Each structure stands twice: as C-alpha cells, then as structure tokens.
Amino acid sequence: MAGVSSVESPQGVAGQAESDRWWTNGVFYQIYPRSFSDGNGDGVGDLGGVRERLGYLELLGIDAIWLSPVMRSPMADHGYDVSDPRDIDPLFGDLATMDALIEEAHARRIKVTMDLVPNHTSDQHEWFVAALAAAPGSPERSRYIFRDGKGENGDEPPNNWPSIFGGPAWTRITEADGTPGQWYLHIFAREQPDLNWENPEVAEDLYTTLRFWLSRGVDGFRIDVAHGMAKPEGLPDHDWDLNELMRNDDDDPRFNNPGVHEIHRGIRKVMNEFPGTMAVGEIWVRDNERFGEYIRPDELHLGFNFRLAEAKFSAEQVRAAVDNSLAAVAAVGGTPTWTLSNHDVEREVTRYGGGALGWARARAMTLVEFALPGAVFVYNGAELGLPNVDDLPEDALQDPVWERSGHTERGRDGCRVPLPWQGTEPPFGFTTAESTWLPMPADWAPLTVEAQLEDVRSMLSLYRTAIELRSQRPEFSGDGLDWYGSPPGCLAFRRRGGLICALNATDGPIPLPPGQLLLASAPLVDGALPSNAAAWLI
Ligand code: GLC
C-alpha cells in the first residue's frame, strides 16, 4: 500500500502509575439512568435497575460506567438541574443504593463515574431559593448571575444572549416585596440558573461535592458543559448567527472564556488527592489549540471530542474527524476520546441512513471506533443498534427544548427511549410497569438483549467481540496510527501494535489490505470487503 502517513498521539505522563491511568484506553458505557433499566416498577429507570444489570455490563466487557446525573433534581432537564449535588434523587434510589452499586460494580472490575453539573444548579437548589428571597447585591444573589434589566423600567434583559434551549437566556424575577425585580442568567432552561464562578464559595462547594463522591469510591466524573462556567467581563452582547443545541461557534461569549482553565485546575487538584480517578469534560470547542488547553496535564484528564459523532458516513469525513481528534490532543500529550452518540444527539443507526443501511454502517463505524487509540464512550443502546424514535407522539415529549422552542424543535427524547431487554412487546422487560416514561416502539422485539445475546450476527455480539479483542490483543497497543493509501471512498489505518482497520464507504466491494482477518462487520464477498462495512486485520 502506498502513501503511508502518520499521526502522533503521545500519552505517557511521568510519575503516574500505569494502573492509575486505566482510562487512557478504557471503554466507558454511558447509562442514561431513566432509560437503562427500571428496578422499582415505576416506568422510569433507576440505580436499582443498574445494579440488576451489572452482569450484562460485565458480559459486554466495558471498563467503566458513566451515569448521567442521579443527584437530587426536580428533573426539569432530567437531572441536569441539580438541587442537591450530594444526594441521590429518590426517583433513582438513595445513597445506600449508590454505595451498593459502587461496591458491586467494583467487585466486577467495573469503574463508576458520575455526571457533575458545575455550570448551573436547579432553581430549587437552596442557594437559589435563598437568592430569590434576598435583596439585590446580597451575598445570596452573588452565587448566581443577577443583573438589573435594561430600559427605563429595567424590563429588558441585561444582554441579548439566547438560551441554548430557545428563548432568552434571562428571566426576570419578582422581588420579595412584590415589585418586578432583577434578571438572572440561564444559558439552558430557566430552571437552570448559571452559577457565578467569580464567587469563591461556588468553587469551594464543588470541591466538597467532588470529595463527597470520591470518598464513597466513585472513580471519576463527566463534567457537564466543561467549556461553560466562566463568563466574559461585562457580559457583552453578541451578533448571533448560531444558537443550536450543543453546537456553538467558538466566538460565542457564553462559552470557552479563558477563566475556565483556572476552574479546571482547581478541580484537578482535588482529583489528584484520589489517585486513579479521572474527569472527562464535555467540551464543544472546535479550534484544536483551544480544545487542547482543557486537557493540559494540570486540567482535565480527558475531553470529549464530538467530531466522529458529527461526521457523515464518508471515508473523507471520518478520516478528517480522526485526524482532527488526534491532532487536538497531540499538542498537549493528551489521550484522544471517541464517541458515536450520546443522550444529546441522534442515534448513529438513524444518522447513517436508518434501516438496514444505517445498521450496516453503524456496525462498520463501531469497528472503526474501537480500532482507534484512546478512550471510547458507548451510549446505552448503541450496542443493540437502537435507532432514534422520531415519531414519539407530541404529548409524550419531555425534553425542555420542546416547550422552550415553542414546539418547533422536538428535542432529544428520540435518543432517550428506554432499552428493550426481553420479550416480544413493550415494555420489553425494561420495567414491570405497564407504561414507560417515553413509549417504546412495538417493533423493537428483534432488538432486545435477549434476542441478540446468542445471535453471532447481532450488533450486541459485534460489540462484545470487538471490546474483547480490543482489550486483549497486543495489536491494539500503541499511540497514534498510520494511514494507508486507499481507494476513494475507503480508508485504512494501522495501529503501531499491528492492527489494521479498513472501512469501505463506497457502493461496491473492495479488496482488503493484506493480513489475516480478525473481525468484519459484514461477511466478506469473495474475499472482498462489501460496501458499508469495515474489517480488522492483523
Ligand atoms: C449538557 C448535557 C445536556 C444538558 C445540558 C445542560 O450539554 O449533555 O443533556 O441538557 O448540558 O446541563
């Protein structure tokens, strides 16, 4: 093969035990707790449900779970509005359930990481309740971002920022004496007031929360909106041309302000008190240099790079996404991360075209993803090949985006439908209740865990085999990769340990690179790789 080119991704960090850096090539499994498994029969998933399914996760072969938020929350944004960061919401269980889950997961050699939401709290958090009761300029108000309104009567918002979920990013309150009052900033829903990170109390409280969970045995955190928190001096207006969910421009004043790095340094110092723990940030920053800043050795351990989740099923786009993600971390000696989906984006089977085509392509991309050096994040249900459910009835929609957009955007519920476990009709063993918090499609019987577990051609079997090979074979070792020259519409790369991965995104079969076949996402056709398929060779 001609034209080999290489991309470096150094990962060595002096002074840390290799076992403490388990996350550098770990497979994380994201559990959206409402949707994974219901242990108490109320139609909503919970921690009891996760405990019951640990055997499944062990069988899948993952290294760690990432629990989307399970802290106390009024659930305006399904847990991303936290009213007490040091307690478990009764919907999901209690601290004893969480302790048991940590212990049982560890017994199965599965690490437990939690979502942490430092950019904002719930409007039901005791701090915000106190802020509303207190006067403008009070210490209670200074934990959030309160401002007087513009205009003669202060009845215009302090600046022109929109909320990510639609509508303005400011809400006006009524003061304790009943008069129209100040405005508070909420980049997300109005039930999610932004914290004022200039107030040292805010950082101190987060450190208390970090230590609270780390002392209970939690192995790390996914940091929500890790590019948020710091706000620019004077909260300037902006010329808006992009305000899409999770896709802001780099010059968006709401995000990626330089002060954020001091916040991450503070978080890292606390994490360092607990060797072997890690933090991964949700970082929607496109510029590589600025992205890399978040994972300098004294900041976050990992940062989500969403290029692969955004790429179309095209060899050119996938290769560009891989190059970009490797380059973004290379400059700072960081570890790349890979993900095809999460609870905020369309599921990959649907994104790649849906039906049999989307299924085949999702299988192929699974092999590409697991062949790459670094940490992989699997969103629950991806291993079953679940599609998005785009025809949920309107009265079932729950994402705050639906209301805040004035019913113009359906939001993210389509990727959050509960997982099908067994049986032939909804709720497919997810719950003992008759209905589930989002309705499950009647045609998911072939997608249940039960239906796929023993079927060697299933998506679940592909995931299990891929994860097992990735964790056991020496060919998957080494940082960085070398690209092979390949026909248009195809790509092939080689890991330093010797694994070769080839992807065929064309309409016809292509010959495979030389080597012994380890795994293919579809049966070969006369020794060639069919279209919409990928293969591993050694
Ligand atoms: C993050 C989460 C998303 C949530 C938002 C506000 O982007 O992934 O689900 O709505 O933060 O906390």
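Numbering of ligands and ligand atoms starts at 1, following listing order. All of these numbers come straight from a predicted model, not from anything done at the bench.
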**Q.** By salt bridge (charged side-chain N to carboxylate O under 4.0 Å, His left out) - contacts of D287 (at least two apart)
**A.** none
Please could you name the atoms of ligand 1 that [X] approaches to less than 4.0 Å, counting only its heavy atoms?
{"X": "D344", "answer": "2 (C), 3 (C), 7 (O), 8 (O), 9 (O)"}
{"X": "R412", "answer": "3 (C), 4 (C), 9 (O), 10 (O)"}
{"X": "R222", "answer": "2 (C), 8 (O)"}
{"X": "F188", "answer": "5 (C), 6 (C)"}

Q. With under 30° as parallel and over 60° as perpendicular, where do the rings of W402 and H407 fit, or are they tilted in between?
A. parallel
Q: Could you check whether the rings of W127 and Y144 sit parallel, tilted or perpendicular, using 30° and 60° as the cut-offs?
A: perpendicular
Select one of side chain, backbone, both or neither to describe which atoms of [X] lie under 4.0 Å from any atom of ligand 1, heavy atoms only.
{"X": "H120", "value": "side chain"}
{"X": "F304", "value": "neither"}
{"X": "H227", "value": "neither"}
{"X": "H186", "value": "neither"}

List the atom pairs, donor and acceptor, that lie under 3.5 Å between side-chain atoms in residues 61-70 and the rest of the protein, sequence neighbours left out.
residue	atom	partner	partner atom	Å
D63	OD2	V27	N	2.7
W66	NE1	D115	OD2	2.9
S68	OG	Q30	NE2	3.1
S68	OG	Y80	OH	3.2

Q. At a 4.0 Å cut-off, with the gap strictly under it, does some heavy atom of F165 reach an atom of ligand 1?
A. yes
Q) Within less than 4.0 angstrom of ligand 1, does R416 place any heavy atom? A) yes
Q | Sidechain N-carboxylate O distance under 4.0 Å for R268, D298 | A | no
**Q.** Cation-pi, F370 ring and R470 (6.0 angstrom, 45 degrees)
**A.** no
(Q) Would R34 pass as a cation-pi partner of Y32, given that its NZ or CZ must be under 6.0 Å from the six-membered ring centre and within 45 degrees of the axis? (A) no
Q. If hydrogens are left out, which of I187, V225, D224 has an atom nearest to atom 12 (O) of ligand 1, that is, the closest non-hydrogen atom?
A. D224
Q) When the ring centroid of Y56 is compared with that of W421, is the distance short of 6.0 Å? A) yes
